[in-house]
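Here's the structure we're looking at; comments come further down.
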Amino acid sequence: MKNENRQKVEVARQFCQAVKDLAQNYNLPFFVVTDGASATSNNGCEAVKNARDHHIRWEQENGYDPYEDWSKKDGTKNQ
């Protein structure tokens with residue numbers, strides 16, 4: 001990955017982490033996607049589940065791993 005793309009992905013991941021932290025402060029489910037990263041946390045919200053399910057399909061159709069968990073340094077899959 002080019003350095004410019006790597007920086008873009010890192011910024012996207014930082015943004016997603018900030019959204020995750022904010023959602024946890026309010027105990028809210030969420031799904032966010034941006035250029036280079038996405039994040040989700042759900043406790044039964046049908047709208048969040050629907051959005052994530054559609055994004056999983058898009059990732060699969062476009063050659064991305066929908067279960068990559070970039071928040072874990074060991075590369076563990078998040079299913």
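Everything quoted here is computed from the prediction, not taken from an experiment.
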| request: Apply the test side chain to side chain contact (heavy atoms under 4.5 Å, CB included) to residues Val48 and Thr40: give CA-CA distance (whole Å), side-chain angles for both, the deciding distance (0.1 Å), then the verdict. | output: CA-CA 8 Å; Val48 170; Thr40 189; 3.8 Å; yes
| request: Give the C-alpha distance, both sets of side-chain angles, the deciding distance and a yes or no for side chain to side chain contact (heavy atoms under 4.5 Å, CB included) between Ser38 and Val32. | output: CA-CA 5 Å; Ser38 65; Val32 61; 5.9 Å; no
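Remark: Lys8 NZ to Asp35 CG distance equals 3.5 Å, nearest 0.5 Å. To the nearest 0.5 Å, atom CG of residue Leu28 and atom CG of residue Leu22 are 8.0 Å apart. Within the model, atoms NE2 of His54 and CD1 of Ile56 stand 10.5 Å from one another, a figure rounded to the nearest 0.5 Å. The CZ atom of Arg52 lies 11.0 Å from the CZ atom of Phe30; values are rounded to the nearest 0.5 Å.
Across all their heavy atoms, Asn62 and Trp58 have their closest contact at ND2-O, 2.7 Å. For the pair Gly36 and Val9, the tightest heavy-atom approach, listed with the atom from each and the gap, is O-CG1, 3.8 Å.
Judged by distance alone, the side chain of Asn50 and the main-chain N or O of Glu46 form no donor-acceptor pair under 3.5 Å.
Checking Asp21 against Gln17 by side-chain atom types alone, a donor-acceptor pair falls below 3.5 Å.
Note: His55 and Phe31 have tilted aromatic rings, judged against thresholds of 30 and 60 degrees for the angle between ring planes.
Looking at Asp53 and Lys49, a side-chain N of the basic residue comes within less than 4.0 Å of a carboxylate O on the acidic one, giving a salt bridge.
Side-chain contact between Pro66 and Gln60 is present, with heavy atoms from C-beta onward closer than 4.5 Å.
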